[in-house]
Structure formats: C-alpha cells, structure tokens
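Notes for the one structure printed next.
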Amino acid sequence: MVIMTFGYANGSDIDTEGTIVIGFEAKDPARVKEIISIIDSEIEKYSKSGIEQEHIRNLINRTKAQKLLSTPSVSNDANQIGWTMMMYGVPDYYSANLELLEKLTPEKLQDAIRKHLLPMNRIVFYAVPLGTKAILEKKDETASEKSEIEKIEVKNNLTLLYKKNTEKPLLKCVIQLPISSDYETIENAGTISFMIEQMFRGSKNYSSLDISEWQEDHAVSLETFTSTKGTFIEFKCLKDDFPAFKKMLFDAFKNPAFEKTELDLAKEEVKADYNRSKSRAETVHRDFMKSVLYQNYRAGLSKEELTNIIINLKEEKLFDLHKDLFKSKKVIITLFGDITIAEAKNIAADIKAHIPNKKINIEKFYSITSSLNDTFVNEYKFEQVNIDLGCKAPSINDDDFVVMQLIEMILSGARGRLHQAVRGDNDLAYYAFPDYRYGENDGSFRLTSQTSIDKKDDLVRVMQNELEKLKTEEVSIEEITSAIEEQEKMLRTFLNENSMPYYITYYEAIGLGYDYIDRVSDIYKQVSQKDIQRVANKYFENVAIIISEPSEDVELMVE
C-alpha cells in the first residue's frame with residue numbers, strides 16, 4: 001500500500017509554535033485517502049496505549065549514541081552550531097534536549113498526541129501523478145451522511161448502539177460481553193484476559209499467519225480488553241472487508257486453536273515484559289502498594305506472581321476457560337460507519353448468534369480495598385521516592401459514586417488542586433494525580449506522586465493537606481463549575497468517531513447509559529458543596545500512606 005513513510009517535528013525554544021509533518025508515498029494514488037484514515041487510526045490508538053517507558057529509553061540511548069559516535073568535522077560542526085543558534089539561541093542544544101527527553105513519560109506523550117494530533121487542525125497536501133487527481137476527487141460528488149447515536153433493543157438481551165457515518169467506507173465495532181476478570185481467583189488471575197487474546201491468534205480454519213497477514217494487508221485493527229467491567233472486543237475495517245473478516249472472527253469465537261507455538265510466543269512476551277519491568281521503580285512500588293491494600297485478594301498479586309500464572313498455564317486449561325466462560329446471555333454491540341440501520345441490526349444479530357447463548361455458572365470473587373490508617377514504607381534499589389495515599393471509595397452502585405468522581409476532577413489536571421499544591425505552590429514533584437477506580441462491590445481512591453528523598457516528608461504532608469481541606473473546607477461554586485468545564489473540554493478533545501464507540505459501550509455496560517457523556521455535566525451540577533464535604537469525611541478518614549524509598553546502599557545522584 002505504501003512505498004515509504006516519514007515523519008518529523010519542527011520547532012524551537014524561540015518559536016511561538018511548531019509543526020508536525022507526516023508524509024508517505026503511496027503505491028496506488030487511488031488509495032491515498034484510505035492510507036490517511038489508517039494513519040489517523042494509528043494516532044488514535046497510540047493516544048490511549050502502546051507507548052512504554054522502554055521506547056523512551058531507547059530514544060535517549062539512540063540520541064546519546066548519535067552524539068558520541070559522530071565524527072568531528074569543522075564544516076559539519078560549524079553548520080550545526082549555526083542552525084542550533086538560529087533555532088534555540090545556544091551553540092549546543094544536546095544537554096538541554098537530553099534533559100527534556102529524560103523527563104518524558106508515556107502519559108506525557110499520549111497527552112501530547114491527544115492535544116496536537118487528534119484535533120486534526122491540519123493541512124493535507126496531495127502530490128499525485130499527472131492525470132490521477134480525478135481519482136481522489138470523484139467521491140466528493142456524493143454528500144456524506146451522519147446520524148445521531150441510537151440505542152436499539154434488537155431482541156432480548158441484544159442491545160445495539162448505532163451511528164451512521166458515510167464519510168468513509170469504514171465499519172467500527174465494539175462487542176461487550178459480561179465476561180469479567182472477577183471470575184478469576186488468586187490461583188488463575190490474568191488467565192481470562194490471556195485466553196481472550198489467544199482466541200484471535202489462530203483458530204481451526206485460520207492459522208495465526210493467515211490471520212496476521214490478512215489483517216495487515218487489509219489494515220484491519222483488532223483489540224481485546226478484559227477487566228472487572230467485562231470483555232470488550234473492538235475492531236475496525238473497510239466495509240467491503242467485513243464479510244471476510246467476520247468469518248475469521250466467528251471461527252475464533254467457536255474454534256480457537258490455542259496452538260503451542262503461539263502460546264509459547266505469547267508467554268515469551270509476558271516474561272520479557274516482566275523482566276523489563278524489574279528495572280522500573282514504579283513496578284516494585286505498585287507491587288508493594290497492592291500487597292498493602294489488597295492482602296489475600298487477587299488484586300494484591302505481584303507482577304511476578306501474575307507472570308508465573310501465565311507462564312505455567314497449560315493448553316488444556318485455555319480450552320476449559322473458553323468452554324466455561326466464552327458465552328453470554330446478554331450482549332452489547334456498537335456499530336459506527338457506512339451502514340444502514342437494517343444492515344447494523346443484521347450484523348449485530350449475526351454476531352450474537354455466533355456467541356453461545358448460555359449463562360456463566362462460575363462464582364465471582366471480588367477484591368476489597370483495605371481501610372487502613374497507617375504509614376507503610378518499602379526500601380528498594382532505586383533512587384526516586386514513590387508515594388501513594390490510598391483509601392476506600394464508593395463502588396459504582398453507590399449513591400456517592402458521582403460525588404467521588406467530581407472530587408477526582410477537582411484535584412485533577414494542570415489547574416487542579418493537587419498539581420497546584422505540589423508543583424505550583426511548592427517545588428516538590430513533577431507530577432501528582434488522583435486515581436479513582438470502581439467496580440460492582442468496591443472502590444479505591446489514591447493520590448500518586450514521585451519525588452526525591454529530601455522532599456518526601458513535605459510532599460506527603462502537602463498531599464494529606466489536600467484531602468484534609470476537602471473534609472474541613474467548603475469547595476466554592478466557582479471551583480466546582482471550573483472542574484466540570486475542564487472535564488467537558490477534555491472529553492470533547494479526545495472523543496471522536498474512533499474513540500466514541502468504546503466509551504459509549506463501556507458506559508452502557510456498567511449501567512450509566514450510552515448517553516452518559518452527554519448527560520454527565522448536568523449530573524455533576526446536581527452535586528452540592530455539602531455533598532463533597534460529606535463524602536470526603538466519609539472516605540478520607542482512614543488513609544494508608546504507602547512509600548517506596550531508596551535503601552541505605554543506593555548511591556543518590558540528587559541529595
């Protein structure tokens with residue numbers, strides 16, 4: 001489809017704005033717009049996941065290597081100094097650039113993608129061979145059509161969320177099944193998610209190579225995700241490719257192969273990810289935090305324990321899991337794209353017909369957050385200090401659920417209370433953020449930050465103070481309104497035709513309704529100042545202070 005691609009960013013410290021350029025040369029000029037849609041899809045994907053700290057480290061190492069391995073040259077060095085002076089106002093930008101790179105995190109990169117690439121405030125320039133311009137323009141003669149999202153009960157226990165969009169001949173689908181990770185125990189944690197992923201790596205009638213080559217040739221994306229909220233199967237393809245793709249999909253539903261070669265490869269990936277994680281302070285701290293808050297529960301298992309469960313997983317166990325769990329009486333299917341409502345109903349009914357219409361007869365096992373009011377310290381072989389303040393929080397079914405969401409919003413963001421406290425008013429940390437997680441029977445609320453050993457005590461005190469203020473001081477109407485408006489802006493920024501199907505499916509699945517995004521601001525506005533203070537006092541009374549800090553034998557670079 002593409003002969004070559006390239007991308008680069010232009011900008012400097014003295015420019016008011018920069019530019020990002022993505023270019024490619026297409027094999028077939030008629031498919032230029034299709035290629036652009038694929039690039040947009042990839043950008044959307046990496047705005048949510050796929051970037052790891054390892055990628056950033058590789059970039060830093062490559063930057064250092066290029067600097068160290070370059071051959072000195074009078075002309076080249078003079079030219080480099082000139083350009084660097086023009087762009088950055090200094091003769092050598094290497095040290096400053098390296099410092100900026102070392103501050104990058106996957107979260108910061110994903111935020112930048114959402115801020116600069118997803119809004120699509122861009123210019124698209126086509127340079128095509130003489131005589132082929134008409135190929136690109138011929139579709140412009142047909143007006144595109146968009147509809148509002150509709151919720152349709154196709155039949156008992158089959159809910160269809162549908163939106164027509166004829167701008168591109170695409171089909172975006174999300175399938176939600178109530179196959180929850182809560183069906184896992186301490187002994188088999190992580191296996192349901194692994195089994196679902198492996199289902200689509202080969203089946204009775206399609207080998208792994210057949211599937212991967214076909215999906216790559218046709219630019220089909222397929223992702224699966226399993227959590228306490230259920231299992232989500234999400235795919236995007238050209239409308240014309242769907243008939244062939246659904247045969248692979250349905251064969252995976254009914255006849256997964258769980259081939260040994262694929263399982264061995266997947267286990268190697270899991271093990272490699274764990275080995276990489278051992279060099280990350282965040283992994284060690286997260287394991288310690290989970291052991292404190294979820295002792296004797298599935299959620300308290302360490303990264304090593306979860307890895308060993310997958311590595312020791314036998315092929316026959318995957319077939320048992322598939323037989324026992326891949327079935328559902330209730331299905332939610334979301335379809336966006338160039339299809340009529342009649343076509344959407346038929347597709348949804350066809351998908352459900354290929355999923356066993358049976359009830360899962362396995363007991364659920366819920367992890368419950370401990371209510372602790374103490375300090376827990378873990379010494380490790382890393383320099384940075386990781387800190388979490390953790391406490392119980394409302395479940396999704398609790399009346400206080402929306403209030404806690406609003407509290408999270410008040411603390412969140414660059415303008416939120418927490419960042420202002422640790423970074424704006426005090427130079428204590430690069431970041432600090434709240435994290436509210438909720439399920440059917442439990443919820444947890446945490447404040448997370450990272451600092452150096454000399455600032456640890458001050459940072460803990462400031463974070464505690466932010467929780468205390470919510471308990472003792474009334475939040476102003478202006479601050480509540482501002483938090484709601486910031487949340488709405490953020491939603492508008494990253495919710496588009498690519499991301500919307502997943503989110504409306506998610507909200508419908510957890511009982512808030514597919515239109516929750518449209519209603520949520522009005523819902524938040526019903527929360528009173530006294531509600532915030534009451535919920536803060538109810539849940540922030542007991543707070544576990546969880547700290548991972550360098551042991552005595554760690555040589556500190558910052559003192």
Side-chain angles (χ1 to χ4, degrees), residues 107-108 111 114-115 369 371 387-396 398-438 443-451 458-495 503 507 510 512 516-546:
E107 292 76 19
K108 288 181 180 179
D111 286 343
R114 287 193 289 268
K115 181 178 180 182
T369 307
S371 180
I387 299 171
D388 275 88
L389 273 59
C391 51
K392 288 187 69 67
S395 71
I396 193 171
D398 196 291
D399 292 339
D400 295 329
F401 167 71
V402 173
V403 183
M404 187 60 82
Q405 281 192 312
L406 183 53
I407 289 175
E408 182 184 32
M409 288 159 49
I410 290 169
L411 292 168
S412 293
R415 298 183 183 180
R417 285 190 174 195
L418 196 56
H419 182 80
Q420 182 64 33
V422 306
R423 189 70 183 152
D425 297 335
N426 302 281
D427 183 22
L428 296 175
Y430 287 123
Y431 68 84
F433 60 87
D435 185 10
Y436 173 32
R437 303 191 180 193
Y438 44 84
S444 67
F445 189 89
R446 296 199 296 269
L447 302 185
T448 298
S449 190
Q450 184 186 92
T451 190
D458 287 339
L459 179 58
V460 170
R461 175 183 52 78
V462 167
M463 293 168 73
Q464 283 181 297
N465 186 52
E466 289 307 310
L467 295 180
E468 197 63 31
K469 282 163 60 179
L470 288 166
K471 293 163 58 180
T472 59
E473 300 175 8
E474 200 172 71
V475 180
S476 70
I477 295 295
E478 291 76 19
E479 189 174 4
I480 294 173
T481 302
S482 176
I484 295 172
E485 289 175 351
E486 286 297 314
Q487 175 74 0
E488 192 166 6
K489 286 179 186 176
M490 186 184 73
L491 288 172
R492 300 298 177 197
T493 298
F494 71 81
L495 287 178
Y503 283 99
Y507 287 125
I510 63 176
L512 297 177
Y516 179 71
I517 296 167
D518 296 324
R519 298 183 291 105
V520 71
S521 290
D522 290 334
I523 293 172
Y524 289 141
K525 289 172 184 176
Q526 304 305 312
V527 177
S528 70
Q529 296 162 287
K530 293 191 180 299
D531 286 332
I532 294 172
Q533 203 166 350
R534 172 183 57 78
V535 170
N537 275 282
K538 180 177 179 180
Y539 291 98
F540 299 158
E541 185 64 30
N542 290 335
V543 179
I545 302 170
I546 305 167

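Side chains included, hydrogens not; waters and symmetry mates left out as well; all remaining heavy atoms used.
Note that the CG atom of Leu418 and the CG atom of Leu447 stand 5.5 Å from one another [nearest 0.5 Å]. The line from OG of Ser412 to CD of Gln487 is 7.5 Å long, rounded to the nearest 0.5 Å. Rounding to the nearest 0.5 Å places CZ of Arg423 at 6.0 Å from OH of Tyr430. Here CD1 of Ile410 is found 4.0 Å from CD1 of Ile532. Values are rounded to the nearest 0.5 Å. Atom CG of Asp388 is separated from atom CG of Asp435 by 8.5 Å, given to the nearest 0.5 angstrom. Here CG of Leu389 is found 11.5 Å from CD of Glu466. Values are rounded to the nearest 0.5 Å.
Partners of Phe445 by ring-ring contact (aromatic ring centres under 6.0 Å, His included), not counting sequence neighbours, listed by chain and number: Phe540. Among residues two or more places apart in sequence or in another chain, the ring-ring contact (aromatic ring centres under 6.0 Å, His included) test is passed with Tyr438 by Phe401, Tyr436.
With hydrogens and angles ignored, the 3.5 Å screen pairs no side-chain donor or acceptor of Asn465 with any backbone N or O of Arg461. Judged purely by atom type and a 3.5 angstrom limit, Ser449 uses its side chain to pair as donor or acceptor with the backbone of Tyr431.
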Using side-chain contact (heavy atoms from CB on, under 4.5 Å), reason through Val527 and Ile480 one step at a time and then give a plain yes or no. CA-CA 9 Å; Val527 177; Ile480 294 173; over 6 Å; no

Dump the intermediate steps for salt bridge (Lys or Arg N to Asp or Glu O under 4.0 Å) on Asp531 and Arg534, then the final yes or no. CA-CA 5 Å; Asp531 286 332; Arg534 172 183 57 78; 3.6 Å; yes

Evaluate the criterion side-chain contact (heavy atoms from CB on, under 4.5 Å) for residue pair Ile484 and Leu406; output intermediate values, then yes/no. CA-CA 8 Å; Ile484 295 172; Leu406 183 53; 4.0 Å; yes

When you look at Lys530 and Glu474, which way does the side-chain contact (heavy atoms from CB on, under 4.5 Å) test go after all the steps? CA-CA 7 Å; Lys530 293 191 180 299; Glu474 200 172 71; 4.2 Å; yes

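Shortest non-hydrogen contact noted between Arg417 and Val475 is NH2-CG2, 3.7 Å. For Pro394 against Met404, the heavy-atom pair with the smallest separation is CD-CE, 3.7 Å. Asp398 approaches Asp400 most closely through the heavy-atom pair OD1-N, 2.8 Å. Here the closest non-hydrogen pair linking Thr369 and Lys392 is O-NZ, 3.0 Å. Scanning both residues, Ser476 and Gln529, for their nearest heavy atoms gives CA-NE2, 3.9 Å. Scanning both residues, Thr448 and Met463, for their nearest heavy atoms gives N-CE, 4.0 Å.
Sparse packing is recorded around CG of Asp399, with 12 or fewer heavy atoms of other residues, nucleotides or ligands lying under 6.0 Å away.
Between Asp111 and Lys108, none of the side-chain N atoms (NZ, or NE/NH1/NH2) sits under 4.0 Å from a carboxylate O, so this pair counts as no salt bridge.
In this structure, Asp458 and Asn426 have side chains that are not in contact, with every pair of non-hydrogen atoms separated by 4.5 Å or more.
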